[in-house]
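First up is the structure itself, then whatever we jot down about it.
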Amino acid sequence: MQASRARLFKEYKEVQREKAVDPEIQLICDDSNIFKWTALIKGPSETPYEGGVFQLALVVPEQYPLQPPQVRFLTKIFHPNVHFKSGEICLDILKTAWSPAWTLQSVCRAIIALMAHPEPDSPLNCDSGNLLRSGDIRGYQSMARMYTRLAAMPKKG
């Protein structure tokens, strides 16, 4: 547990230093528990998620970095690789392809990349995956845009 704590403190310091370097990702450590983090990520440009800010919950195991963090969307998102109700994310680096070289920041980067390049062949959201697999890009994009507007954009006045 000491090794994971030391690693997380190191990552925390890096996050504080690099805030201006990576404006798409804001990582916030829970004040009372270094194993609980929140991330705010900006929807990638030229995607239906553009303009949205999505909140993620990161729970880091005591075996970190040998085991991956559990990451899920708290903000509703219409995406084939995200479970609509639980926010669970289907991403190989969070499961079998994890490496201790990954950091919480790079995990967030990978999630942003997944948002821009969905994998409809391994869907957690079958409705979204089916739209893409059947070639209905327009249907998928309009649903994703609608949920981005409803859940991930600041309410006006």
[X] side chain to [Y] main-chain N or O, any donor-acceptor pair under 3.5 Å?
| X | Y | answer |
| --- | --- | --- |
| Asn81 | Ser122 | yes |
| Thr148 | Pro48 | yes |
| Arg149 | Ala144 | no |
| Thr75 | Gln55 | yes |
| His83 | Cys90 | no |
| Lys36 | Cys29 | no |

Under 4.5 Å between side-chain heavy atoms, hopping through other hydrophobics if needed: is there a path connecting Val59 to Leu94? no

Would you check, one step at a time, whether the test side chain to side chain contact (heavy atoms under 4.5 Å, CB included) holds for Val53 with Gln26? CA-CA 10 Å; Val53 176; Gln26 184 183 352; over 6 Å; no

Just checking, Lys42 and Phe54: is the charged tip under 6.0 Å from the six-membered ring centre and within 45° of the axis? no

With Glu24 via salt bridge (charged side-chain N to carboxylate O under 4.0 Å, His left out) - residues at least two apart: Arg109

Can you give the donor-acceptor pairs under 3.5 Å from side chains of residues 60-73 to other protein atoms, not counting sequence neighbours?
{"from": "Tyr64", "atom 1": "OH", "to": "Glu11", "atom 2": "OE1", "distance (Å)": "3.4"}
{"from": "Tyr64", "atom 1": "OH", "to": "Glu11", "atom 2": "OE2", "distance (Å)": "2.4"}
{"from": "Arg72", "atom 1": "NH1", "to": "Ser86", "atom 2": "O", "distance (Å)": "3.2"}

What residues, two or more places apart in sequence or in another chain, satisfy side chain to side chain donor-acceptor pair (under 3.5 Å) together with Arg145? none

Only counting residues at least two apart or in another chain, list the ones meeting side chain to side chain donor-acceptor pair (under 3.5 Å) with Asp30. Ser32

Under the side-chain contact (heavy atoms from CB on, under 4.5 Å) test, which residues partner Cys108, sequence neighbours left out? Ile25, Leu27, Ala39, Ile41, Leu56

Holding to side-chain contact (heavy atoms from CB on, under 4.5 Å), I want the full list of residues that pass it with Ser106, two or more places apart in sequence or in another chain. Trp102, Thr103

Tyr49 vs Tyr147, ring pair (Phe, Tyr, Trp, His ring centres under 6.0 Å): CA-CA, chis, key distance, verdict: CA-CA 9 Å; Tyr49 311 107; Tyr147 277 105; over 10 Å; no

For the atom pair [atom1] ([X]) and [atom2] ([Y]), what is the distance rounded to the nearest 0.5 Å?
| X | Y | atom1 | atom2 | answer |
| --- | --- | --- | --- | --- |
| Asn125 | His79 | CG | NE2 | 9.5 Å |
| Trp37 | Leu58 | CH2 | CG | 9.0 Å |
| Asp136 | Leu132 | CG | CG | 8.5 Å |
| Leu124 | Ile89 | CG | CD1 | 9.5 Å |
| Phe78 | Ser142 | CZ | OG | 8.5 Å |

Just wondering, are more than 12 heavy atoms of other shown residues or ligands nearer than 6.0 Å to NZ in Lys13? no

